[in-house]
Every structure is written in structure tokens, then in C-alpha cells.
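We count ligands from 1, going down the list as the structure has it; atoms in each ligand are counted the same way.
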Amino acid sequence: MDIEVNTVETKLTDIDAASLEEAGEIIRAGGLVAFPTETVYGLGADAMNGAAAARIYEAKGRPSDNPLIVHIADMEQLDLVARDIPKPARQIMEAFWPGPLTVILHKKEEVPDGTTGGLQTVAVRMPSHPTAQALIRESGRVIAAPSANTSGRPSPTMAEHVLEDMDGRIPLILDGGPVGIGIESTIVDMTGEVPMILRPGYITKSMLEDVVGTVQVDPAVSGRTMQKDIVAKAPGMKYRHYAPKGQLILVEGPRNAVVDKINSLAEEKMQQGYHVGILATDEGMADYRVGYRMSIGSRERPDSIAANLYKVLRECDEQKLDYIYSESFFEEGLGNAIMNRMLKAAGYHLISL
Ligand code: AMP
Ligand code: MG
């Protein structure tokens, strides 16, 4: 789909007092600024200005029913956007904010439909990244920001990724270097009887349960197969996402069987003339013989896999890979969030041995 956005010159700048001041002015004027957070780069606009929020959808090519997350810098700003905040919600905010946790709450009247996709609830997060906090403070606004990628592509974990997708569409990218976590925030809905995870992330189910007791997971995101009859409660989770242009295929099973299967599938496709890639980990790289081989990180450190995942998925496009075969990961803790993103990137294409 071609997106019609007035062509602007996109400036990528280091973060200093002058660039923050300029960024604050752009936000107040209803424009867009890309900025680093601890999870991924965000594409920010004034959350209380419906026309500004609409520009985010236009720049990303994002479906209009997919609401934005509102970023705040302090608890006073929470009261601008949310009402009737239940005690357990306060407890998890206290425990995990500022940090990679988004909380769904009942929205205040004043929050425009453009920000919430017409929902009566609002997603709120207090990021810990100093630049994100500084930008919110400098602008004097609450900032609606989804990930700063073209809709459907892997989220940006470096300013260069944002430039790839947003060049000519937005005036300013604040370059804070590579982000720390690398996958999007955990989303937890606090408007029901029992807290419910709508998107897994760095803050895991057991971390939340330590604070508020039982937490459920939306069945639409806990599954390993496409569940056509279950509609995801976070509208964004129903879309194909994070995907490289080629077909990603995950393979799981006993270690040796996985290696043999990936090697033979890769050889077969290469013989047919395709560009083939293999995604593995530091520990397994030596086992693969053919194709364009990439390590996502170390199995001993799931956080390294989260941090590299989107960069490696973008590399698949740079290398123009037609087929990418990948090892899979344990689904405990952070592994759960990693596999959720990989299954979506693969369109749930999973071979179990
Ligand atoms: P992104 O910031 O690009 O990761 O996208 C924001 C995510 O938050 C999407 O998956 C949205 O569907 C989800 N989200 C935002 N607001 C709400 C809400 N009020 N209820 C449920 N999910 C939401
Ligand atoms: Mg996104």
C-alpha cells in the first residue's frame, strides 16, 4: 500500500538540549517525533490532539482500529488520561514503572478517539528511558507512541531502522543508539476482574503475579497456532507483524533433528535457486552448513535474543532472503515474549519434529 504523506526532510540528530527543545516544539505543534525508549523506538505525537494522533497512522500505514499507547512521565499525567484506577493497577504501576509495562485502564473523556482507536479504554506506560522522559517533560504533553516502524515490519531497535521506514515522512528522529530490551512492552488489561496479559513482554506473568496474585493470559496470544476463531483483545495483536519480506519458518524438536531438518530444507531451497537464511544462536551456529547464517544471541541469555531479534529480521530483508529457517526457543519467562513475536513474524509457520 502506498501511503500519501507530505514529503518532509527527515533529520536524525544526537540527543542534546537543542534537539530536545526542537522535538518538544514539534510535538506541541501537532507533529511527529521518533524517539528511543527502553523497549523499541517510538513514533510520538500529542496524545490529546486527535489530528496529531491521526498523523501517526498515516506515517505508519497503520490500521485505524489499532490504538496507540500513551506515554507519561509522572503520576500526575496519569490522571489526565485515565479514571477509576483499581488498586491492583496502582500496585503494578508502583512495582514496574517507570519500565516496560503498559496498563489498560478506563479512559478519560478528553482522550480523543484518534488515540484509542475509538475504544473506551486507554493504554498507558511510563517509560524509563531518559530521552523518552525528557521529551515528555520538554513537550509538556502526554505522548501517544506506537513503534516507529512501517505497519507490519519489525519494530525499530536503532535510529537507522526508523530512518529506513520513516525517511521523508517525519521531521525528526532522536538518535539514542540501540535500545536495551528490544521487544515491545508487556500489555496488561486492568479493567476486568482478573488482570489479563494482552501481549507478553519483558515483564513476565510470574513477575506480575508476585505483585497482584492471579494473572490470566489472553488465549489469543498464548497459543502456538493461529487461532482463527479467537479475536485478540489488543487490536494490534491480530495483525501479521514483525515480519521479514521472505517466509520465516520455525523448527522445533530435539536438537539434532532440528539441525538436520534446517540444513536439508535450506539445501533444497538453495538448489531451487532461492536466497536462504538460517537463524540460530551462538551455541548452534557451527552446526549449519549452508545459506546466510545469522546468530540472534545466546541461549544462556534470553535478553540478548530479545535485543537482537528485530535487527536480525531486518537483516533478512537487506539480504533479500526468500526463505529463512529458524531454531525455536523455550517459552518460559522472556522466552514466551520472544516466541510470541517469532510466531507472528513467521505467520505461525512452525515445524514440530
Ligand atoms: P505498538 O505501540 O506499536 O506496540 O502498539 C500498541 C499496542 O497496544 C497494540 O497491540 C494495540 O492493540 C495495544 N493497545 C493500545 N491501546 C489498547 C487498548 N485500549 N486496549 C487493548 N489494547 C490496546
Ligand atoms: Mg508496533
Would you call T116 a ligand 1 contact, heavy-atom distance under 4.0 Å? no

Which part of R199 is near ligand 1, with near meaning a heavy atom under 4.0 Å away: side chain, backbone, both or neither? side chain

Show which atoms of ligand 1 fall inside a sub-4.0 Å distance from at least one heavy-atom site of L119. 18 (C), 19 (N), 20 (N)

Distance filter under 4.0 Å to A123 heavy atoms, resulting ligand 1 atoms: 15 (C), 16 (N), 17 (C)

Exercise: do S295 and D282 side chains pair donor with acceptor under 3.5 Å: yes

Within ligand 1, which atoms have a heavy atom of L198 less than 4.0 Å away? 21 (C)

So that I can tick it off, tell me whether D317 and R153 are bridged by a salt bridge, with the cut-off set at under 4.0 angstrom between side-chain N and carboxylate O. yes

Which atoms of ligand 1 are found less than 4.0 Å from any heavy atom of T121? 18 (C), 19 (N), 20 (N)

Nearest non-hydrogen atom to atom 5 (O) of ligand 1 belongs to which of K60, R62, H106? R62

Would you call E315 and K311 a salt bridge, using N to O less than 4.0 angstrom? no

If you take the nearest heavy atom of each of I104, T37, D218, which one is closest to atom 20 (N) of ligand 1? I104

Please confirm if an N, O or S atom belonging to S155, backbone or side chain, lies less than 2.8 Å from the Mg ion (ligand 2). no

Which of the numbered atoms in ligand 1 are under 4.0 angstrom from any heavy atom belonging to K233? 21 (C)

Per-atom filter on ligand 1: closer than 4.0 angstrom to a heavy atom of P146 are 1 (P), 2 (O), 3 (O)

Got R341 and E184 here, is their nearest side-chain heavy-atom distance under 4.5 Å? yes

Let me see the working for D322 and K269 under side-chain contact (heavy atoms from CB on, under 4.5 Å), right down to the final yes or no. CA-CA 9 Å; D322 303 305; K269 286 292 180 200; over 6 Å; no

Might you work through the side-chain contact (heavy atoms from CB on, under 4.5 Å) test for L68 and R62, ending with a clear yes or no? CA-CA 10 Å; L68 309 174; R62 182 175 174 107; 3.8 Å; yes

Under 4.0 Å between a side-chain nitrogen and a carboxylate oxygen: does that hold for D165 and R314? yes

If you measure from each non-hydrogen atom of N66 to ligand 1, which part falls under 4.0 Å: side chain, backbone, both or neither? side chain

Taking atom 14 (N) of ligand 1 as the reference point, the nearest protein heavy atom with its distance: P67 CG, 3.8 Å

Report yes if the side chains of I183 and Y310 come closer than 4.5 Å at any heavy-atom pair, otherwise no. yes

Between M207 and F96, is there a side-chain heavy-atom distance shorter than 4.5 Å? yes

Could you check if a side-chain atom of P195 sits within less than 4.5 angstrom of a side-chain atom of L208, using non-hydrogen atoms only? no

Give me the nearest non-hydrogen protein atom to atom 10 (O) of ligand 1 as residue plus atom name, then the distance to 0.1 Å. G236 CA, 3.4 Å

Show which atoms of ligand 1 fall inside a sub-4.0 Å distance from at least one heavy-atom site of I187. 7 (C), 8 (O), 13 (C)

Report yes if S147 has an N/O atom closer than 3.5 Å to an N/O atom of ligand 1; otherwise report no. yes

